[in-house]
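Lettering follows sequence order; numbering is per chain, from 1. Quantities reported herein were computed from a predicted structural model and do not represent experimental measurements.
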2 protein chains.
Amino acid sequence: MPDELTLRKLFPNLEDGLYEELLQYGNVRSFAAGSVILKKGHPIRSTMMVIEGVVKLSQDDDEGDEFFVYHLEPGQACALSMVCNFGHEKSEASAKAITDVVVLSIPLQYMEKWLGEYKSWHYFVIKTYRSRYNDLLQTVNEIAFRNMDERLEFYLLKQVKQFGNHVKLTHQEIANDLNSSREVISRLMKKMEKNGWISIHRNSFEWLRK
Amino acid sequence: MPDELTLRKLFPNLEDGLYEELLQYGNVRSFAAGSVILKKGHPIRSTMMVIEGVVKLSQDDDEGDEFFVYHLEPGQACALSMVCNFGHEKSEASAKAITDVVVLSIPLQYMEKWLGEYKSWHYFVIKTYRSRYNDLLQTVNEIAFRNMDERLEFYLLKQVKQFGNHVKLTHQEIANDLNSSREVISRLMKKMEKNGWISIHRNSFEWLRK
DNA sequence: TGGCTTGAGTGATTACTATCACAGAAGGAC
DNA sequence: GTCCTTCTGTGATAGTAATCACTCAAGCCA
């Protein structure tokens, strides 16, 4: 359960009154590691501000494949769930709790109301969009121009940055995130291990290279 | 040279005073078809609102390859050039005039000033982000999950939607936009022609399918 | 008209990735 | 320990796209 001090640390530079309203009208919601927060095709009724844990955003296709787009960490908010004040669109992507997660869920009417009342809020919203937009651009870059070995390297580095040198992921999970196949990932990681970049364990790997 | 009426038509629902300020402080800039409006790596000093013509946004890699991301048409604005009020970032992408283009260029200080003064302006900015964000998500979807034949079909349809049934593009240009090669595009388009979807001319093609 | 440039068509080859088919290893359950 | 499930490693094969090497066609222009 977040208090005002936590909010101030995670989401700095908002107006005083806004912190109070966030606490008053936001709903604290917890998700266990592995659970689905937002599913493709479902309507979005609130904005998520991440308080604790890591949320994985994926782009889904019609066959149920999930393509990793980016992580949200504490202090970040979901851009997808900010679009809906202008319509009642459905989610194109899905969000999943990777670790245990606590979010502050802001009902859309407040989301919109505060846009008019708090300058810091609309800066926050715009900043959120900007960050997620840049993340997406980088993703486009990688899948448009890079081969699987480079994409895997970028991907693993993102995981290491998020979870530390020892990352718990199976080859199958990595393959899903990159829309590839387990065998391909297995081979490429074996090569990285031979080069001394990583060491491979069951269900996890360790990043060795500086 | 746009007048207030034109602006009102292209960018509806802004406040009265804002139209006047747009005309007063925005700079009208024209670009000939084919010229480069914004280049990767250059700092962004203003926001572009498209008045006339079509602007192509591309994501560039380090080797100079350009990957088509989306079109901007009259009444739209460039999300990329809206990020900079929070820093002095450089462009990750490039913008090119496809037809003769007229844009209203808004210096960043006004861009930011109006965010505080005009509610309609920050809605406009957020709406712009939202649209471009969704465009990007669709792009990710296509390159992550689709084969070249499907991506080509999507691509050609986007061109047709933008320029009408008869589109002037060489196979080489299409290949560049999709980060593919001329021969591949040539073969796939030949197949589409055999299926009666298009007819191929020198420097152009025609969309036949309903 | 003939040369020249640019764009398009097509076969052959190569590279990368996906898929199939297993074998073997690790670890939990009993 | 033994069984069983899950994860990983690896060869063989197939499919898609990129690259190479040409030929041919269209249109300019002198």
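- At a non-hydrogen distance threshold of 4.0 Å, A/Thr170, A/His171 from residues 170-180 of chain A come into contact with DNA chain D.
- With a 6.0 Å cutoff to the six-membered ring centre and a 45° limit on the axis angle, A/Arg132 counts as a cation-pi contact of A/Tyr70.
- Counting only heavy atoms from C-beta on, B/Glu183 has its side chain closest to D/dC20 among C/dC20, C/dC16, D/dC20.
- Of the residues in residues 149-160 of chain B, not one places a heavy atom less than 4.0 Å from an atom of DNA chain D.
- Under 3.5 Å, the side chains of A/Asp60 and A/Ser94 contain a donor-acceptor pair of N or O atoms.
- Nearest-nucleotide positions on DNA chain C place B/Val184 closer to the 5' end than the other of B/Val184 and A/Arg182.
- Side-chain proximity of A/Arg187 to the nucleotides C/dC20, C/dA8, D/dT19 is greatest for C/dC20.
- Phosphate contact (OP1/OP2 of C/dA8, side-chain N/O of B/Ser186, threshold under 4.0 Å): absent.
- When rounded to the nearest whole Å, the span between CD1 of B/Ile143 and C1' of D/dA17 equals 15 Å.
- Residues B/Val103 and B/Val50 approach most closely at CG1-CA, 4.3 Å, considering heavy atoms.
- Within residues 188-203 of chain B, the residues having any heavy atom closer than 4.0 Å to DNA chain D are, in order of number, B/Arg202.
- Within the 4.5 Å cutoff, no side-chain heavy atoms of A/Val55 are placed close to those of A/His71.
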